[in-house]
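Predicted model, so just to flag it, every value in this text is computed and none were measured. Counting convention: from 1, in listed order, for ligands and their atoms alike.
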Amino acid sequence: MNMDKKVIFSGVQPSGELTLGNYLGAIKNWVKLQDEYNCYYCIVDLHAITVPKEAKILRKRSLELLASYIACGIDPEKNTLFIQSHVSAHAELSWVLNCMTYMGELNRMTQFKEKAKKNEANLNAGLFTYPVLMAADILLYQADLVPVGHDQKQHLEIARDLANRFNNRYSETFKVPDPYITKVGARIMSLQDPTSKMSKSDENDNGYILLLDKPDAITRKIKRAVTDSENLVKYNDEQLGIKNLMTIYSTITGESIEEIESKYEGKGYGQFKGDLAEVIIEGLRPVREKFDYLMKNKDYLENIYMEGANIAEKTARKTLRKVYKKVGFIPRKFK
Ligand code: ATP
Ligand code: LTN
């Protein structure tokens with residue numbers, strides 16, 4: 001590990017299969033950043049239990065998520081890939097930060113408000129303090145940069161506020177992290193409702209494309225994607241459906257929106273959708289193939305998360321020791 005490089009931390013919850021939104025909004029950027037930065041990419045299983053899960057399914061999804069990271073192009077030799085619950089410092093720092101977080105600032109979180117509506121029957125405290133655990137994740141590694149989708153912007157603000165609050169109250173301890181949110185691709189919308197984000201917990205499975213969807217499913221979902229009756233491949237805020245599809249096209253191929261507009265001038269939605277389905281299928285093919293291969297090699301995956309936890313643990317403990325000392329806990333003695 002090169003200590004001169006700046007540090008990146010990010011994570012995804014093993015709360016379902018990855019969508020095209022997760023890939024284009026977050027993970028694709030992780031791949032781009034891996035050479036330039038010292039990266040920690042985490043499977044945030046502690047976060048995932050804020051919405052109850054069956055134990056067997058959570059275990060399965062966590063391993064699949066690790067395989068997906070690698071299948072998307074994240075090189076386990078260059079990055080630290082690990083499982084959040086393996087490094088207990090996350091839960092420990094989270095407690096200390098909880099004691100410095102105001103109820104009011106958590107009450108303002110849009111994600112909490114939305115999830116609270118959906119989980120009224122089980123509105124647990126974990127869902128409320130979710131952003132504090134996220135702040136702990138990031139601050140433990142002294143991360144400079146956090147690549148996430150647009151929906152996480154508010155959570156990052158809290159992480160920055162908590163870092164500053166702790167540094168001011170005690171003394172300089174945490175790096176104040178910056179968000180890394182791209183202009184195009186940071187908000188991929190639902191194919192069925194282009195006013196809400198594409199989400200793996202959507203009830204309507206036509207709303208999202210999964211990373212591991214088969215080609216015929218991808219074609220079907222794109223054909224059914226909601227558009228308007230204009231039949232013009234134009235990027236503007238009046239035509240949210242086609243705008244979203246063009247964003248997907250541009251993020252995968254790297255072609256600019258202007259290039260796409262001129263390519264499809266005089267051509268209708270039918271042709272554009274057909275081509276887009278092909279672009280997605282071809283873009284995801286290598287990911288799907290690598291994923292299938294990795295899931296047959298469980299020992300290899302085990303080795304990666306084992307080594308990852310060892311490396312992460314060292315860095316995280318170092319920060320936590322400083323924190324415990326500053327808040328006034330007597331350091332533990334070992335015989
Ligand atoms: P859930 O639907 O269970 O809340 P999610 O699909 O939002 O989950 P997360 O694990 O919360 O997925 O997010 C992982 C990463 O993917 C985050 O960086 C998030 O910002 C990004 N992301 C999620 N959905 C989208 C989207 N539709 N467009 C762009 N980025 C997204
Ligand atoms: N809340 C994030 C997942 C997450 C995360 C993090 C992202 C948990 N801890 C630390 C970046 C850095 C989400 O995407 N829902």
Engineer: Below 4.0 angstrom from a heavy atom of Lys115, which ligand 1 atoms are there? Numbered from 1 as shown, please.
Structural biologist: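 Close to Lys115: 4 (O).
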Engineer: Within ligand 1, which atoms have a heavy atom of Gln152 less than 4.0 Å away?
Structural biologist: 20 (O)
Engineer: Within ligand 2, which atoms have a heavy atom of Val44 less than 4.0 Å away?
Structural biologist: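 Those of ligand 2 that fall under 4.0 Å from Val44 are 8 (C), 9 (N).
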Engineer: Judged on heavy-atom distance to atom 19 (C) of ligand 1, which of Val148, Thr247, Asp151, Asp202 sits nearest?
Structural biologist: Asp151
Engineer: Could you work out, for atom 7 (O) of ligand 1, the closest of Lys200, Arg187, Lys197, His155 by heavy-atom distance?
Structural biologist: Lys197
Engineer: Would you please say whether a donor-acceptor pair under 3.5 Å links the side chains of Glu92 and Ser88?
Structural biologist: yes
Engineer: Can you confirm whether the side chains of Lys326 and Thr173 place a donor and an acceptor under 3.5 Å from each other?
Structural biologist: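 Thr173 and Lys326 do have a side-chain donor-acceptor pair below 3.5 Å.
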Engineer: Kindly assign one of parallel, tilted or perpendicular to the pair Tyr130 and His155, based on the angle between their ring planes and the thresholds 30° and 60°.
Structural biologist: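 Tilted.
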Engineer: Under 3.5 Å between any N/O of Pro147 and any N/O of ligand 1: does that happen in this structure?
Structural biologist: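 No, no N or O pair falls under 3.5 Å.
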Engineer: Mind checking the CG-CZ spacing from Asp213 to Arg288? Nearest 0.5 Å is all I need.
Structural biologist: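 Output value for this atom pair is 8.5 Å.
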Engineer: So between Gly16, Ser199, Ala186, whose heavy atom ends up nearest atom 29 (C) of ligand 1?
Structural biologist: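 Nearest option to atom 29 (C) of ligand 1, by heavy atoms: Ala186.
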Engineer: Only heavy atoms of Ala26, strictly under 4.0 Å: list the atoms of ligand 1 that pass.
Structural biologist: 15 (C), 16 (O), 18 (O)
Engineer: I'd like to check which ligand 2 atoms, numbered from 1 as shown, lie under 4.0 Å from a non-hydrogen atom of Val148.
Structural biologist: 7 (C), 11 (C)
Engineer: Heavy atom of Ile138 under 4.0 Å from ligand 2?
Structural biologist: yes
Engineer: Give the atom numbers and elements of ligand 2 that come within less than 4.0 Å of a heavy atom of Ser10.
Structural biologist: 11 (C), 12 (C)
Engineer: With heavy atoms of Gln13 as the reference, note each atom of ligand 2 found under 4.0 Å away.
Structural biologist: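 Under 4.0 Å from Gln13, ligand 2 has these atoms: 15 (N).
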Engineer: Quick check on contacts: which atoms of ligand 1 are under 4.0 angstrom from a heavy atom of Gly25?
Structural biologist: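 This gives 29 (C), 30 (N) as the contact atoms.
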Engineer: Distance under 4.0 Å to a non-hydrogen atom of Val146: what atoms of ligand 2 satisfy this?
Structural biologist: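 Those qualifying, in numeric order: 11 (C), 12 (C).
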Engineer: Do Lys263 and Tyr249 have side-chain N/O donor and acceptor atoms under 3.5 Å apart?
Structural biologist: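 There is such a pair between these side chains.
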Engineer: Using heavy-atom distances, let me know which of Gly21, Gly11, Pro179 sits nearest atom 30 (N) of ligand 1.
Structural biologist: Gly21
Engineer: Taking atom 1 (N) of ligand 2 as the point of reference, which of Phe9, Tyr40, Tyr130 owns the nearest heavy atom?
Structural biologist: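 Closest candidate by heavy-atom distance is Tyr130.
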Engineer: Would you mind listing which atoms of ligand 1 come within a distance below 4.0 Å of any non-hydrogen atom of Ser15?
Structural biologist: 3 (O)
